[in-house]
Amino acid sequence: MNLTAFLFVLCSALIDIAANMMVAKSDGFRKPAWGFAAIVLVWIAFALLGQAVKTMDLATAYAMWGAIGVIGTAVCGRVLFGNRLRPIGWVGIALVTGAVVVLSSH
């Protein structure tokens, strides 16, 4: 796997996580500044993901991006907003992460 492509995916996913937190802060877009900031960050995240797929398979890049995003959003939601997943939610996240590891190791 190309290190540069992986870094693009990682940066893209981290920006997407920040966008997800901003969506939560927007309170259903009742606070539009947070909502519009989230939209801009998602746009940037997809632009970075687009750079990654120049040298990485789309399926692998998108799966990695999704797994990082799901884990990061769950953890940040817990830390910043006190959101709690039931244990089955964490099992699901672990299964998705395992599938991404298998997909990425081809």
Side-chain angles (χ1 to χ4, degrees):
M1 178 184 331
N2 182 329
L3 178 62
T4 303
F6 173 75
L7 291 175
F8 274 123
V9 171
L10 180 62
C11 289
S12 174
L14 293 175
I15 290 169
D16 183 61
I17 293 164
N20 293 339
M21 297 302 104
M22 288 181 177
V23 167
K25 288 288 287 181
S26 78
D27 191 29
F29 281 76
R30 287 184 191 90
K31 299 175 184 172
W34 286 106
F36 289 119
I39 291 168
V40 170
L41 286 185
V42 168
W43 181 78
I44 293 168
F46 272 97
L48 291 172
L49 188 62
Q51 294 303 307
V53 299
K54 287 181 177 180
T55 58
M56 177 186 280
D57 290 340
L58 174 61
T60 302
Y62 191 70
M64 289 173 60
W65 179 80
I68 294 167
V70 167
I71 293 166
T73 298
V75 170
C76 289
R78 173 75 174 116
V79 170
L80 298 175
F81 304 119
N83 298 339
R84 291 181 181 259
L85 283 178
R86 291 182 292 166
I88 192 67
W90 290 108
V91 169
I93 289 172
L95 289 171
V96 169
T97 303
V100 169
V101 169
V102 169
L103 178 66
S104 300
S105 65
H106 75 280

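Note that these values count all heavy atoms, side chains included, but never hydrogens, waters or copies made by symmetry.
- Taking T73 as the reference, N20 meet the side-chain hydrogen bond (donor to acceptor under 3.5 Å, both in side chains) condition, with sequence neighbours excluded.
- Qualifying side chain to side chain contact (heavy atoms under 4.5 Å, CB included) partners for I44, counting only residues two or more places apart in sequence or in other chains: I15, V40, L41, L48.
- Pairing each heavy atom of V42 with each of A19, the nearest pair is CG2-CB, 3.6 Å.
- Residue pairs meeting the salt bridge (charged side-chain N to carboxylate O under 4.0 Å, His left out) criterion with at least one partner in residues 5-34, sequence neighbours excluded, are D27-R30.
- Rounding to the nearest 0.5 Å places CG of L49 at 9.0 Å from CE of M56.
- For the salt bridge (charged side-chain N to carboxylate O under 4.0 Å, His left out) test, no residue two or more places apart in sequence or in another chain qualifies with R84.
- Hydrophobic clustering, with ILVMFWY side chains joined whenever heavy atoms are under 4.5 angstrom apart, groups L95 together with I88.
- Contacts classified as ring pair (Phe, Tyr, Trp, His ring centres under 6.0 Å) and involving residues 48-91 (residues at least two apart or in different chains) are given here: F46-W65, Y62-W65.
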Assess the residue pair I71 and T97 against the criterion (side-chain contact (heavy atoms from CB on, under 4.5 Å)); give the C-alpha distance rounded to whole Å, side-chain angles, the decisive distance to 0.1 Å, and a yes or no. CA-CA 8 Å; I71 293 166; T97 303; 3.2 Å; yes
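- The distance from the CE atom of M22 to the CD1 atom of I39 is 12.0 Å, given to the nearest 0.5 Å.
- Of all heavy-atom pairs spanning S104 and T60, the tightest one is OG-CG2, 3.8 Å.
- Heavy atoms only, all atoms of each residue included: A45 and S12 are closest at O-OG, 2.5 Å.
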Would you check, one step at a time, whether the test side-chain contact (heavy atoms from CB on, under 4.5 Å) holds for I93 with V96? CA-CA 5 Å; I93 289 172; V96 169; 5.8 Å; no
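- Atom-to-atom distance recorded for T4:OG1 and Q51:CD is 11.0 Å, nearest 0.5 angstrom.
- Closest approach of A52 and A5 over heavy atoms only: CB-O, 3.5 Å.
- Applying the side chain to side chain contact (heavy atoms under 4.5 Å, CB included) rule to A63 yields the partners V100, L103; only residues at least two apart in sequence or on another chain are considered.
- Considering all non-hydrogen atoms of both residues, G35 and S26 come closest at N-CB, 3.5 Å.
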